[in-house]
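Single-structure report; data block below.
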Protein chains: 2
Amino acid sequence: MDSPRVAPRAGERLVNRIRDKGLRLTGQRRLLAELLDGAEQHLDADAVYRLAKRKDGSIHRSTVYRTLHLLKIHGLVDELDLMHVAGERHYYEVRPSAFHIHLVCTSCRGVQEPGGPFWEDLKKKVAKEAGFRAEVVRLEMGGRCSSCQRREFRKPD
Amino acid sequence: MDSPRVAPRAGERLVNRIRDKGLRLTGQRRLLAELLDGAEQHLDADAVYRLAKRKDGSIHRSTVYRTLHLLKIHGLVDELDLMHVAGERHYYEVRPSAFHIHLVCTSCRGVQEPGGPFWEDLKKKVAKEAGFRAEVVRLEMGGRCSSCQRREFRKPD
DNA sequence: CTAACTGCAAACCTTTTGCATTGAC
DNA sequence: GTCAATGCAAAAGGTTTGCAGTTAG
């Protein structure tokens with residue numbers, strides 16, 4: 001599609017994309033964008049709020065919800081449920097590409113995002129086969145990660 | 001209930017699976033199971049409730065939620081969010097296999113479930129590659145279905 | 001300057017829970 | 001008969017909204 005192929009600094013990418021969309025860039029939006037962009041794991045709305053609150057004590061929950069909604073409808077973040085392993089929460093992720101793959105362990109609740117040639121190839125084939133102009137593709141697998149499999153092999157419950 | 005026992009009648013399969021799990025089969029559970037099993041489309045909790053209410057005016061919402069939860073934790077139905085095209089609702093689907101593929105059109109909100117050799121093959125390869133004992137796999141694609149693509153080609157916005 | 005955004009509080013909507021009663025096994 | 005499931009009502013999330021004051025462009 002139209003993604004720039006030069007990587008801006010971590011924590012700046014989403015901010016730039018907000019400006020590029022012509023959206024007003026307030027202090028709160030900048031803060032939230034930097035948080036989402038720098039996040040090491042998937043965050044739900046409450047986690048985003050609590051992290052933001054530590055940097056700006058006056059930010060309000062409703063601003064977090066409004067901003068997440070705004071980013072979502074502009075396609076800048078995606079909303080995930082990660083197989084509901086942790087209840088009804090939704091998680092937000094800066095859209096790194098149109099194709100997300102998540103392996104969610106129902107035992108330890110860990111989330112892996114595998115990469116490599118197999119998965120790259122898979123993306124291409126799926127897009128081609130679909131007869132569907134896919135904007136977002138999510139492949140989510142719920143099951144047991146390899147370390148939980150080993151643990152359960154040693155000590156079956 | 002007096003049909004020959006060749007293959008379980010549509011609307012009876014889930015009922016049988018409930019009994020097989022040793023769960024108590026109440027009238028409400030039977031009704032909900034038949035609804036889910038016979039559903040032509042994906043239903044959310046409210047839709048299940050309203051359909052059930054037409055057949056049993058005294059059924060309560062909380063029973064619907066409790067039953068959906070029960071079926072979910074026993075792996076008899078899966079909970080989907082269908083890319084949130086229709087808000088925060090969750091949809092329930094009798095688990096036909098461990099692998100669901102949904103193509104969700106963000107334009108007309110239609111949901112397709114493609115089948116065929118490509119997708120069968122994909123399931124096998126993904127399961128093998130993952131190094132992950134996958135219990136449930138969901139592949140969801142959000143985009144434009146072929147008829148919406150055609151419509152937009154004729155009349156671009 | 002002005003439309004858009006924010007904080008606040010209240011409303012909303014879906015889902016969960018405690019309790020007395022009912023019903024499946 | 002016993003224990004689990006149900007209906008009911010109330011609570012508990014999580015999210016949205018109307019409003020008045022504030023701010024980015």
Side-chain angles (χ1 to χ4, degrees), chain A residues 15-35 42-74 76-77 79-82 84-92, chain B residues 1 14-33 35 42-74 76-82 84-92:
Chain A
V15 165
N16 290 335
R17 299 192 66 196
I18 290 173
R19 219 190 276 100
D20 293 348
K21 286 269 181 187
L23 301 172
R24 195 168 284 195
L25 186 55
T26 64
Q28 293 90 334
R29 287 182 183 174
R30 156 167 266 125
L31 168 57
L32 295 172
E34 288 172 356
L35 272 174
H42 296 104
L43 304 173
D44 67 356
D46 184 62
V48 171
Y49 169 68
R50 279 182 287 113
L51 287 171
K53 191 87 177 174
R54 300 212 311 235
K55 296 211 170 190
D56 170 1
S58 74
I59 199 171
H60 198 270
R61 276 200 136 83
S62 59
T63 302
V64 173
Y65 282 111
R66 282 192 273 231
T67 303
L68 290 173
H69 179 73
L70 184 83
L71 298 177
K72 183 172 72 167
I73 63 176
H74 284 88
L76 303 184
V77 302
E79 189 180 28
L80 313 168
D81 65 20
L82 298 179
H84 302 101
V85 283
E88 304 307 322
R89 268 180 279 270
H90 298 139
Y91 297 85
Y92 296 87
Chain B
M1 305 305 152
L14 186 51
V15 165
N16 290 334
R17 300 192 66 197
I18 290 172
R19 218 190 277 100
D20 294 347
K21 287 267 180 188
L23 300 172
R24 195 167 285 193
L25 187 55
T26 64
Q28 293 89 334
R29 288 182 183 173
R30 157 168 267 126
L31 169 56
L32 295 172
L35 272 174
H42 296 102
L43 303 174
D44 67 355
D46 184 62
V48 172
Y49 169 68
R50 278 182 289 113
L51 286 171
K53 191 87 177 173
R54 301 212 311 234
K55 296 211 169 190
D56 170 1
S58 73
I59 199 170
H60 199 268
R61 276 200 134 82
S62 59
T63 302
V64 173
Y65 282 110
R66 282 191 272 231
T67 303
L68 289 173
H69 179 73
L70 184 84
L71 298 177
K72 184 172 71 168
I73 64 176
H74 283 89
L76 303 183
V77 301
D78 285 326
E79 189 180 29
L80 313 167
D81 65 21
L82 298 180
H84 301 100
V85 283
E88 305 307 323
R89 269 179 280 269
H90 297 139
Y91 296 85
Y92 296 87

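Lettering of chains follows the sequences in order, A, B, ..., and the numbering in each one begins at 1.
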(request) Heavy atoms only: give me the nearest B:Gln28-B:Asp56 pair and the separation to one decimal. (result) CG-OD2, 4.3 Å
(request) Could you tell me whether B:Lys55 atom NZ has more than 12 heavy atoms of other residues or ligands within 6.0 Å of it? (result) no
(message) Does anything in residues 51-69 of chain A come within less than 4.0 Å of DNA chain C? Heavy atoms only, and list the residues if so.
(response) A:Ser58, A:Ile59, A:His60, A:Ser62, A:Thr63, A:Arg66
Non-hydrogen side-chain atoms of [X] and [Y] separated by less than 4.5 Å:
{"X": "A:Val64", "Y": "A:Asp46", "result": "no"}
{"X": "A:Lys21", "Y": "A:Leu76", "result": "yes"}
{"X": "A:Leu71", "Y": "A:Leu32", "result": "no"}

Separation of atom [atom1] in [X] from atom [atom2] in [N], rounded to whole Å:
{"X": "A:Leu70", "N": "D:dT16", "atom1": "CG", "atom2": "P", "value": "13 Å"}
{"X": "B:Arg29", "N": "D:dA4", "atom1": "CZ", "atom2": "P", "value": "11 Å"}
{"X": "A:Leu31", "N": "C:dT6", "atom1": "CG", "atom2": "P", "value": "11 Å"}
{"X": "B:Arg50", "N": "C:dC13", "atom1": "CZ", "atom2": "C1'", "value": "14 Å"}
{"X": "B:Arg30", "N": "D:dT6", "atom1": "CZ", "atom2": "P", "value": "13 Å"}
{"X": "B:Arg19", "N": "D:dA5", "atom1": "CZ", "atom2": "P", "value": "16 Å"}
{"X": "A:Leu23", "N": "C:dT6", "atom1": "CG", "atom2": "P", "value": "11 Å"}
{"X": "A:Tyr49", "N": "D:dG13", "atom1": "OH", "atom2": "P", "value": "16 Å"}

(message) The criterion is side chain to side chain contact (heavy atoms under 4.5 Å, CB included); which residues satisfy it with B:Leu70, sequence neighbours excluded?
(response) B:Leu23, B:Arg29, B:His74
(message) Under 3.5 Å, is there any donor-acceptor pair linking the side chain of A:Arg24 to the base of D:dA24?
(response) yes
(message) So, OP1 or OP2 of C:dA24: does either fall under 4.0 Å of a side-chain N or O from B:Gln28?
(response) no
